[in-house]
Structure formats: C-alpha cells, structure tokens
Amino acid sequence: MYDRYQPKDFENTMVALWQDKFVVDNNSDKPKFVMMMPPPNITGKLHMGHALNNTLQDSIARYKRMMGFNTLWLPGTDHASIATELKVVEQLKSQGIDKQSLGRDGFLQKCFDWKEQYSGNIIEQLKRLGCSVDWSRLAFTMDKNCNKAVRTVFVDLYNQGLIYKGQRIINWCVDCKTAISDAEVEYIENNGYIWHIKYPIDGGGHITIATTRPETMLGDTAVVVSPNDKRYKHLVGKYVVLPFIGRKIPILNDEYVDASFGTGAVKVTPAHDPNDFEIGKRLNLNSIKILTDDGKITGGTPYDGLERKSARDKIVEDLQALGLLDKVEEHHNSRGHCYRCNSVVEPMTSEQWFVKMQPLAEPAIQAVENGDTEFVPKSYSKIYMHWMKNIRDWCISRQLWWGHRIPAYYCNKCSNMCVSVDIVDKCDKCGGKMIQDEAVLDTWFSSALWPFSTLGFPDKTRDLSTFYPGSLLVTAYDIIFFWVARMMFSGLHHMGQVPFSKVLIHGIVRASDGRKMSKSLGNGVDPIDIIDNYGTDSLRFCLLSGVALGSDIRYSEERLQKAQAFCNKIYNAARFVKHNIGEMSIEEVCNNVVDKTTLTLADKWILSKLNDCIKSINQNFDSYEIGRVADTLYNFVWDDFCDWYIEISKVQMNVDKARASKVLLHVFDNILKLLHPIIPFITEYCCQELFDGKYILALQDFPKVDIFYNSEVDKFEHIRQLIVGIRAMRADNKIAQNIKVKMSIYGFDDFVRDMSQVVPIVCKLAMCSQVDILDKPIQEQKNIIKWNWSVGTVYMHLEMLDQSVVIKKLLDDKKSAEFELNLTKSKLNSVGFTSKAPQKLIKIEEEKVEKYTQIIQKLQLELEGHKIK
RNA sequence: GGAAGUUUAGCUCAGUUGGGAGAGCGUCUGUCUUACAAGCAGAGGGUCGGGGGUUCGAGCCCCUCAACUUCCACCA
C-alpha cells in the first residue's frame, strides 16, 4: 500500500473487479430485493442529483446484498424525448443541418447516434460512482422491448376507453413546436401589465375589458359579465364590434366572472385560454385560433404573420391610436413556461391524444391509503395524494420525432382509423394505404412502465414473475408527479400490483449558497470533477452523511474535505493493520479465528462497541436513515477504533503480538464490511490488500451482532475516564505533551487493585512514566495534584508546583460541584418532581447529591491542608 | 389563494417515544507519541427565531407572531 490515500490508484481497478459480479439469478430461493434505477436522461452527463440518487440506491443495494437478499438493481437510461430532440436539433444546427432536411428517418438515425455516445458516457459515470447494478439487464426506455410494452399498453388503454383523441385546450410550446402536459409547465412570477381596452358596442357606447394578453382579442368570440353585476345588466344581449377585424361578438352572462376584479367584464378567447375554453363550451361559442404552431398570428387578421410579442406591441399601439386604450396598469402575475426550453407556453386548442385519468388514479390513491405502497418520509404521500385527487387528463402526444411513435394508423383514402400493436399497412375497410400517426408519446409514458417493461413485459418472462413487484424506489421529490405517480397507476392497471412497496424520497443537492444548482446560474458542480479530485468514496460519504430523510443537502467543499479525511483515516488504519499482521501467513489471515478465552478488557470493550455499531446500522438502514448510518460509522471508526483501540493495540502487541493482531484484524475486517455499502472502493481495496485478493468484500456477509461484554464495558469506561482525567490534569497544569509524568492511584475497591494489566495502556495513552497502585491514600500535599476519579483518587507527582494554581483549581472544582449540588437539591425539593417523576430518575438525583456532597467535603479538606501550609 | 418545510455554537448541520444541548470545520493552547500533521491531546464558544401555554420538567408537544425556502393552484 502507498503511504498516502490516493483513490485514483485503485478506484478503476475496483470497477473492473466488480464488473460482472452483481448479475442476479432469477432462480434463487433467497428473499428478493428489487430496485429499478431511475433512468438518467441521455441528454448529457450526470449531475449531483444523480450522484446522490445513485449513491443512496447503491448503499442500500450493497447492504441488502450483504444481508443475504437476492438483490436486483436494474440500470438503464431514458430517451428523454423532448430534451434529447432539442439537443440533437441544436447539435445539427451548429453543423448547419436542418432537422426537416434530414427527414424523419435521417433525423432518428442522428438521435440514435447521440444515444450511443451519451448513454455510453452515462454508463461509464455510473460505474465510476460505484453502482453495483446488474449490467446484464441494462435497459433503455426506447429499446425493442420497452417499445413493445408501450404499444401494448397504448392499445389496451385505447380499447378500454382510457385513451382518446380529441380537440382540447393544451399547453403548446412554440419553440419546441409540440404539445406538453400540465406537469411540464412551470409557472414563473413576473411583473407585467394589464391593459384596459374599450370594446365599441354595436349601437353606440363601449364596454371596457381588462386583459394581460391583448393580442388574443383577435380570437375573442364573446364578452362575459357576472349575472349579478348591475353595471352591465343593460348591455347583456347586445353585441360588441371587435376593433381591427370588425367581428360582432355577444355580451353574455357567466358565473365564472368575478365582478370585483378588473372591470368586471371579461373577453372570451376559447381557443387560447383554459377558462375561456370552458366558458365557450358552456355558452356554445365559436373557437377561433389566432396563433400558428410557431407562435405567429394567423386567421385573416391585419396582424397575420407577426410574432406574438410584436403583434401585442402593434395592437396596443393601434388601440391607443384609435383611442380605445383606456389605461395600462402594472400587474403581477405568473405565466407558464416550457420546463425544457423555458419559452412562454401558449394555451391553445389542438387535436391531441389523452389518457383519461380518473379511473386510473382511483386505485393508485387506494394503494397508498391502505399502505400497499409507503412513502418514506410519510409526509410526501400528501403531495402525491393531492396531485392524484386533483388530476386532469394527461396529454400524451408530442409533435416530435424522437420517441415512441403513437401506434395509431389512418387510411389515406377513407376515414378509417385504428390502433394496433403491430404495423398496419392496408385499410381493412377500403384497402387504402394506412399511415401511422406522426406524433410520438410523452417520455413519461414509457417511464411509467419502467418497473415491468424492463423485466420483459408484455411477455410473461421468468424475470417478470420473479422480480415484479419491486421493493423500493429511490427518487427525488421533484419527480413525484412526473414519474412516481404514473408508475403507480400503470403498475396497478397493467400488472395488478403496485410497482414497489416503498418509495424513498430524497431532496436535491443545492449549491454552497443554498440555491438550486442550475445552468443559468452557473453554480453547478460536476460530480465527476469531484471524483477526479477527491475520489468517489469522499463524494459518496459527503453526500450520504449529509442526508436527512426527504430534505435537501447543501454542497460544501468543507464537508467534502471532512469525508476525504475520513477515507484517509481508514486507509491509514488499514496500513497499520496490514503492518501488524505481517507475520501471519495468508491462510492464517483468511481463516482468522479469535480465541474468545484470551480476550483482554480492551478487546471485550471494542467488540461490544462493534456490536452496538452493527445494531445501530441495521436499524438505520432498515428505516433508510442513511445519514445516521454514516454518522455512526464515522464516530465508531474514528473515535472508538482509531483513537482508542488502535493506540491500545500498540501496547497489546508488546504483550502477545500474535494474539493482539488477530483481534485487531477481526475488528477491522468487520469495520470494512460495515463501511462497504457507504464507501465501497476503499473498503474493497483494503480487503484485497489484506486478504491478498482471496475475497470480494462486496459479496461477503454483513457482520452480525455477537456477545456483549457488559461488565467489561463498564470497567473499561472507568479506564477511559482515568486516561481522560489524567490528560486534563496535565493540561490544567500546563504540562507539555512530550513530558511524561509519574502517577499513583489509590482505589476504593478491587477494581483498581486489579488493574495492573491496563497500567501500560494508561501509561501510553496518558503519557505517564509510571503509574503506581497504592494501598492507602497519600496525605502529603507537596508537589502533588489530586483528582477524584469515580473509583479512587489519582495523584500526579510533579517536580515543582505553583500552589496558587492548585488552590485556584480546587476552588473552581468546589464551586462547580456546589453548583451541581444546589441544582440537584432544588430538584429533589420540588414536590412535583418527587411525586411525579419516575423512580429511576429520582434515584439518579439522590445519588448525585451523595456524590457531590462527598466531592465537596474532599475538596474542602484539601483546601484546608493547603491553607495551613 | 392553498399546503408543506426550515429557524440550534462564528460557518455547515445532527439531536428517533419530553428527563441537565452534540459533531465537523474555524478559533485558542500543547504536541511531528514511526497508521495517519488530511494527525493526536486539551480548551473556549449556544437565554435551541420571538411570545404564550400544557407539564414536576420543553430544543422536542399545543397556540401565536416573525423571517426564509419550496410545492400546488391561479383572476381576465
């Protein structure tokens, strides 16, 4: 092993070592544990969110595997229809190529080329993160089988009346030139304006309406007012003549209108506003589309061909010129933006495909209500429920090329339309040529099938029957709607069972300033850069130790350094262990058996501590509190093992090296296993080094709780107290670390008389030249400092001693003991406490009174002794 | 408009059934004690956002106020 911890030296070797080790058998009789990896988009590279998500999953997968579960963690990537198409178009653009000029097939070929490259990158990055997945089952949302699953599901839902095609108002992105679903719209607050426009009334006068989108007036087909609004009662039934286009539209009543807002009169544009669309349906209004798919005005108006923003400016200008602009007010509102390209989304009517959600949502709500699927932490089930209960039909068609093409076919001669899993060429009615629907499906349509399409669905495969339903889904809270909800109803509907029994929700990784990492802010941190600089284990430990259920974590360089220091600590502990087992043969090392009859006090203490640690880790892994797993290990390894046990073992090596090194190896071996799920690389590397490549740590059993040596733990805690006490005495008296002191101890009972075994340990850890065990207390005061240990009196012998320092210390000690005594007494004097507090607590308080009274007496005696001299 | 979360040491955060507040970093002191100076030993530092309540006892439970954050809905 090298002198320093340099992860680059071995991390890639470990990746190669693990390569094919996590392929899972679908014929095993072990209990199963199944997780589907949320497939990263093939749009680029992994970000910190992926790093957190996959590190969490990996630690759980490794733990479950070591706990004896037949663990399938299935990896994959997502074709990310709209996002990838945008990227490819952009790439082509930079090469001077237009998407249309390539034609559909040519463009798709470019997309598949892109997929090859980026999917490969992502897989490499997942490997570097240490993901212990089954690479033999690697999936892609657009591979053959997933496509077959998509077609099957689409046809089934269509035949069940749960998919329909219809003219509805949808969100249209004029830049992506496609419909998008409600979930894909992000509302962003902005300071805009509200224009008050006078609409001339046929027959004289005018009515003023208020709007934030004046250009939509070209598509108005009515003006509505509240039926309770007296101001406009006389106008209802009359007609307004739309400026510029001269269309006559009625003034009508509708309950929707809030008389107190704006002018109380609302222009109605059914083709370009969801509320107006509803009003239009109620009042049987015409719907006039005034925008083209790329956001230009159309419909035979004077503004045809103008882009929407310039059309608005021109219309406002023209209204002003005509004296029809009453006023303009600043107005705070929010507008929908495309979550992919960020341009303002236009609501417009369009013929699209929809999934009827109500019937599908019902079982998905029940499944969470009755606990078939459980959210961790529970609070996230509320968000899920709220969305599911207020769900609207899902617009699933996208006017893109990259994606699953909708399996609907239209005859080019007659009006025949059919939906089919297999390609349909010929019209069965007129024999004409059938042409497939041009649109593709929303990415999430195929993602929704991920828990079973990856296992062979719709075919009844062995994998599907073995591994469905899954055990756990790990994902960030930001895709509960997009993905978790849709997997839930899809799994229930198509497989009859929930896709996973638990959903572990985690937060997002924020930048060091607490803001979201984003491209526009340029505050993103690339996990691969961190791996290059610090190593994967440091990144993993940093992320996991910061995880609290469901909450965000903040990236900080400091914490990364803390994680790196921890890895370094482990690395050096391994070097120490390796050095000390140098005389053992490799057979002895691999078959290391600890003789329990020869264990020392310290051995029994560390083994008991190890037990505590195992217990705590099991509990915290089972409740997915991975942050606590990391913290527990950090404290156990650094404090108990490194700072105490390794130092002690140096002394024990002098007594019986063969024996001491065996116990040391045993404990460290267990530590490596406990740490492995969290930081797999360094632990696997240490295992390879120590056991000469005989084992693969990732495939070993997780440590089990063994014998607790309770009384030895108590005894050792006294020794620890003693060492800490002596160190404090030294510090109080400003004795430098490199100066050894002479100590003697008078004990109250056999414990101290029997402690000769640990004297060398105390000498080493408390830097003493000698420690004498006395059979009676020392009365002499000169050049001696006393300390009241729980089981005796400890004396430190000094060459010279400043009496004033000693007296000050005694006074300070007395003062603090008196403070404690008073506090305790006042507690016991309270009737409420003694009558209502549990007996156990009262006893503790009573013992305290006794303890502090004694201490004060002793200190008083000593003080008097000093003052006499 | 509706909902959720956060507020604890200078900084970043733990604190699991209510029983005398913790870690890491930073600061100060001492130390290169041969696994580790990316270390070791010690010290200092907090009226747990404000107010009220329940309780013998509240960082933890209830009410209220404030600040910040997020999600959902969205009025032309």
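Every chain is numbered from 1, with letters handed out A, B, ... down the list of sequences.
- The NZ-P distance, from A/Lys836 to B/G19, rounds to 18 Å in whole Å.
- When the P atom is used for both B/G22 and B/C65, the distance is 34 Å, rounded to whole Å.
- Salt bridge present: A/Glu329 and A/Lys327 bring a charged side-chain N and a carboxylate O closer than 4.0 Å.
- The same atom, P, is picked in B/G50 and in B/C56; the two are 24 Å apart, to the nearest Å.
- Comparing the C1' positions of B/G53 and B/A58 gives an interatomic distance of 11 Å, to the nearest angstrom.
- For B/C62 and B/G19, the P atoms lie 16 Å apart once the distance is rounded to whole Å.
- Among the nucleotides B/A76, B/C71, B/C56, the one closest to the side chain of A/Lys516 is B/C71.
- In this structure, B/U7 forms a base pair with B/A66, meeting either the Watson-Crick or the G-U wobble geometry with both donor-acceptor distances under 3.5 Å.
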Under the ring-ring contact (aromatic ring centres under 6.0 Å, His included) rule, what do A/Phe10 and A/Tyr685 come out as? Steps first, then yes or no, please. CA-CA 7 Å; A/Phe10 56 81; A/Tyr685 171 69; 4.1 Å; yes
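- B/G39 is paired with B/U31 under the Watson-Crick or G-U wobble criterion, all donor-acceptor distances under 3.5 Å.
- In this structure, A/Val257 reaches the bases: a heavy-atom distance under 4.0 Å links it to at least one base atom across the strands shown.
- With a 3.5 Å ceiling on both atom-pair distances, the Watson-Crick or G-U wobble partner of B/C71 is B/G2.
- Within 3.5 Å, a donor on the side chain of A/Lys848 pairs with an acceptor on the base of B/G20, or the reverse.
- In this structure, A/Lys650 reaches the bases: a heavy-atom distance under 4.0 Å links it to at least one base atom across the strands shown.
- Side-chain contact annotation: A/Tyr199 with A/Asp220, donor-acceptor N/O pair under 3.5 Å present.
- As judged by a 4.0 angstrom heavy-atom cut-off over every strand, A/Thr208 is placed among residues making no nucleic acid contact.
- The residue A/Asp258 sits close to a base: some heavy atom pair falls under 4.0 Å.
- When heavy atoms are screened at a 4.0 angstrom cut-off, A/Ala265 is found touching no nucleic acid atom at all.
- At the heavy-atom level, A/Ile209 lies nowhere under 4.0 Å from the strands shown.
- Side-chain to base pairing of A/Lys569 with B/C36: one donor and one acceptor N or O lie within less than 3.5 Å of each other.
- In this structure, A/Glu647 reaches the bases: a heavy-atom distance under 4.0 Å links it to at least one base atom across the strands shown.
- One interatomic measurement links the two molecules: CG of A/Leu544 to C1' of B/A14, which rounds to 15 Å at whole-angstrom precision.
- Within the 4.0 angstrom heavy-atom criterion, base atoms lie near A/Cys642.
- Taking atom CE on A/Met767 and atom C1' on B/U31, their separation rounds to 9 Å, with Å as the unit.
- Here B/C74 presents its C1' atom at 13 Å from CG of A/Asn390, a figure rounded to the nearest Å.
- Residue A/Tyr187 is classed as a base contact, given a heavy-atom separation below 4.0 Å to a base.
- Close to B/A76, at under 4.0 Å from its OP1 or OP2, lies a side-chain N or O of A/Asn333.
- Between B/G52 and B/C11, the distance separating the two C1' atoms is 32 Å to the nearest Å.
- For the atom pair CG (A/Leu798) and CE (A/Met729), the distance works out to 8.0 Å, reported to the nearest 0.5 Å.
- A/His579 comes within 4.0 angstrom of no nucleic acid atom, judged by non-hydrogen atoms across all strands.
- Residue A/Leu841 is in base contact, counting any heavy-atom pair closer than 4.0 Å across all strands shown.
- In this structure, CD of A/Glu625 is placed 17 Å from P of B/C13, rounded to the nearest angstrom.
- Close to B/U70, at under 4.0 Å from its OP1 or OP2, lies no side-chain N or O of A/Arg510.
- Residue contacts shown for A/Ala736 are limited to sugar-phosphate atoms, with no base heavy atom under 4.0 Å away.
- No side-chain heavy atom of A/Lys562 sits under 4.5 Å from any side-chain heavy atom of A/Phe566.
- The residue A/Lys740 sits apart from the nucleic acid: no heavy atom pair falls under 4.0 Å.
- Heavy-atom nearest nucleotides on RNA chain B were determined for A/Val831 and for A/Trp387, and the one closer to the 5' end corresponds to A/Val831.
- Looking at heavy-atom distances under 4.0 Å, A/Arg730 makes no contact with the nucleic acid at all.
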Would you sort out whether A/Glu847 and A/Tyr852 count as a side-chain hydrogen bond (donor to acceptor under 3.5 Å, both in side chains), showing the intermediate values? CA-CA 9 Å; A/Glu847 281 167 1; A/Tyr852 288 117; over 6 Å; no
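- Listed pair A/Asn738 / B/C32 meets the phosphate criterion, a side-chain N or O lying under 4.0 Å from OP1 or OP2.
- Of the C1' atoms belonging to B/A3 and B/C74, the separation is 15 Å, rounded to the nearest Å.
- Within the structure, every side-chain polar atom (N or O) of A/Trp638 is placed at least 4.0 Å from both OP1 and OP2 of B/C36.
- Residues A/Arg720 and A/Asp640 have side chains in contact (heavy-atom distance under 4.5 Å, counting atoms from C-beta outward).
- Across the strands present, B/A14 finds no partner; the criterion is a Watson-Crick or G-U wobble pair with both atom distances under 3.5 angstrom.
- Here, B/G2 and B/U8 have their P atoms 27 Å apart, quoted to the whole Å.
- Checking the phosphate oxygens (OP1, OP2) of B/A76, a side-chain nitrogen or oxygen of A/His331 falls inside 4.0 Å.
- At a cut-off of 3.5 angstrom, the base of B/A38 holds at least one donor-acceptor pair with the side chain of A/Arg4.
- Remark: the A/Ser334 side chain and the B/C74 base include a donor-acceptor N/O pair separated by less than 3.5 Å.
- Both A/Asn275 and A/Leu823 sit near RNA chain B, but only A/Leu823 has its closest nucleotide nearer the 5' end.
- Using the six-membered ring where Trp is involved, A/Tyr645 and A/Phe641 have ring planes that are parallel, under 30° apart on the 30 and 60° scheme.
- Taking atom C1' in both B/U69 and B/G45, one finds a spacing of 29 Å when rounded to whole Å.
- Nearest to the side chain of A/Phe481, among B/C71, B/G24, B/C32, sits B/C71.
- Between A/Lys843 and A/Glu846, no side-chain nitrogen of the basic residue sits less than 4.0 Å from a carboxylate oxygen of the acidic one, so the salt-bridge criterion is not met.
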